[in-house]
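If you read the sequence from its start, that first residue is 1, and numbering goes on from there. Numbering of ligands and ligand atoms starts at 1, following listing order.
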Amino acid sequence: MILSSDTVSQQSLPKHIAIIMDGNGRWAQQRGKPRVFGHKKGVDAVRRAVQFCSRLEISSLTLFAFSSENWRRPEDEVSTLMELFLLVLTKEVKKLHKNNVKLQIIGDLSRFSAKLQQRVVEAQALTKDNQGLCLNIAANYGGRWDIMQAAKKLAADVEQGNLQSSDITEDMLSANISMAEQAPLDLLIRTGGDLRISNFLLWQAAYAELYFTETLWPDFDDEAFANAIACYVSRERRFGCTGEQIKQLLSQVK
Ligand code: IPE
Ligand code: IPE
Ligand code: MG
C-alpha cells in the first residue's frame with residue numbers, strides 16, 4: 001500500500017533519533033586519504049543531519065561522536081578528533097543557538113582537557129533555554145558507563161539513608177540515565193554497514209527501532225536520512241511509505 005504524502009504526518013515521525021556515525025575512516029581510505037580526512041568530512045554530515053532534524057521538527061537527535069573505547073585508537077587520530085570537537089564547540093555553537101538548538105554533551109567528561117570541559121559548560125549554558133531541537137553529543141560515552149553512573153547515584157541515596165535498596169525500581173534507574181528528561185529513543189541508526197550497537201545507548205534502546213545502512217557516515221545525506229525515517233514510519237504503521245514522501249514533508253515545512 002502506498003501512502004499519499006499528506007497522510008505522513010508529524011505524529012508518525014520518530015521523536016528521538018540516535019545515530020552511530022560510523023565509516024569515516026573507510027570513506028577516507030577509499031579515496032587514498034588518511035582516516036582523519038574522513039572525520040573532517042563527517043562534520044559536514046553532522047551539520048546536514050542537524051538541519052534535517054530541525055526542519056522536520058524532531059525533538060531530539062543524539063549523535064555518537066566518541067566512544068569510551070575510542071581512546072584505544074592511534075594517538076594522532078584521537079587528538080584530531082578532540083581538536084575537531086573543540087573546533088565545533090567553539091565555531092558552531094553560535095549558529096546552533098541562532099537556530100534555537102539546545103545542546104547537551106553526554107558521557108564521562110572528566111577525561112577531557114580542562115579547555116574542552118570549559119567549552120562544554122559554556123555551550124550548554126548558552127543554549128539551555130532553547131526550545132528547538134535537543135542535540136545530544138555523546139563523547140567518551142558508553143552505554144555501560146551510563147547504567148553504572150545511574151546505579152552509583154542510587155547507591156549514594158542508599159548510603160545516605162534516603163532509600164532502601166529493596167525499594168529500587170526500574171523507573172528510578174531510568175530517571176538517572178542520560179537524557180531521562182527527553183522523549184524516549186524511537187529510532188537508532190548505524191551507518192557504515194556493521195550490525196552492532198558498540199556500547200551506545202543500551203538502556204535507552206530497549207524498545208527503539210534499529211536501522212542499519214551500508215552508507216558511510218560522510219555520505220549520509222538528506223536522501224539517506226529520509227529513507228531511514230520512511231523505514232521507521234513503515235514499520236510503526238505496518239504499511240509502506242517512501243523516502244520520497246518524507247522529503248515531500250520536508251519541503252512542506254521549509
Ligand atoms: C566513526 O568512523 C567515527 C568515530 C568513531 C569517531 P570510524 O573512524 O570508526 O570509521 P571506520 O569504521 O574505521 O570506517
Ligand atoms: C562506534 O564506532 C563509535 C562511534 C561512532 C563514535 P566504532 O567504529 O568505534 O565501533 P566498533 O569499534 O567498530 O564497534
Ligand atoms: Mg568504525
Between Q124 and K128, do the side chains contain a donor N or O and an acceptor N or O under 3.5 Å apart? no
Taking atom types as modelled and ignoring hydrogens, do the side chains of S174 and D171 form a donor-acceptor contact shorter than 3.5 angstrom? no
Before accepting this row, confirm whether a basic side-chain N of the pair R190/D22 lies closer than 4.0 Å to the acidic partner's carboxylate O. yes
I'd like a table of the close N/O pairs between ligand 2 and the protein (anything under 3.5 Å), one pair per line with both atom names and the distance.
residue  : atom   : partner : partner atom : Å
ligand 2 : 8 (O)  : D22     : OD1          : 3.1
ligand 2 : 8 (O)  : R73     : NH2          : 3.2
ligand 2 : 9 (O)  : N70     : ND2          : 2.9
ligand 2 : 9 (O)  : R73     : NH2          : 3.2
ligand 2 : 10 (O) : R190    : NH2          : 3.4
ligand 2 : 10 (O) : S198    : OG           : 3.4
ligand 2 : 13 (O) : R196    : NH2          : 2.7
ligand 2 : 14 (O) : R196    : NE           : 2.8
ligand 2 : 14 (O) : R196    : NH2          : 3.4
ligand 2 : 14 (O) : S198    : OG           : 2.6

List-wise, which protein N, O or S atoms are found short of 2.8 Å from the Mg ion (ligand 3)? D22 OD1
List every atom of ligand 1 that sits less than 4.0 Å from any heavy atom of R35, numbering the atoms from 1 in the order shown and giving each element. 7 (P), 8 (O), 10 (O), 13 (O)
H39 neighbourhood, listing ligand 1 atoms whose heavy-atom distance to it stays under 4.0 Å: 3 (C), 8 (O)
Residues that F64 engages under ring pair (Phe, Tyr, Trp, His ring centres under 6.0 Å), provided they are two or more places apart: F200
For a side chain to side chain contact (heavy atoms under 4.5 Å, CB included) check, start with the C-alpha distance between I189 and F225, then their side-chain angles and the critical distance, and finish with the verdict. CA-CA 9 Å; I189 297 171; F225 208 160; 3.8 Å; yes
Please tell me whether E122 and Q118 have a donor and an acceptor in their side chains that are separated by less than 3.5 angstrom. yes
Does CZ belonging to R144 count more than 12 external heavy atoms closer than 6.0 Å? no
Residues in salt bridge (Lys or Arg N to Asp or Glu O under 4.0 Å) contact with K95, at least two apart in sequence or another chain: E92
More than 12 foreign heavy atoms under 6.0 Å from NZ of K41: is that the case here? no
With a 6.0 Å cut-off (strictly less than), is the heavy-atom count around CD of Q131, excluding the residue itself, greater than 12? no
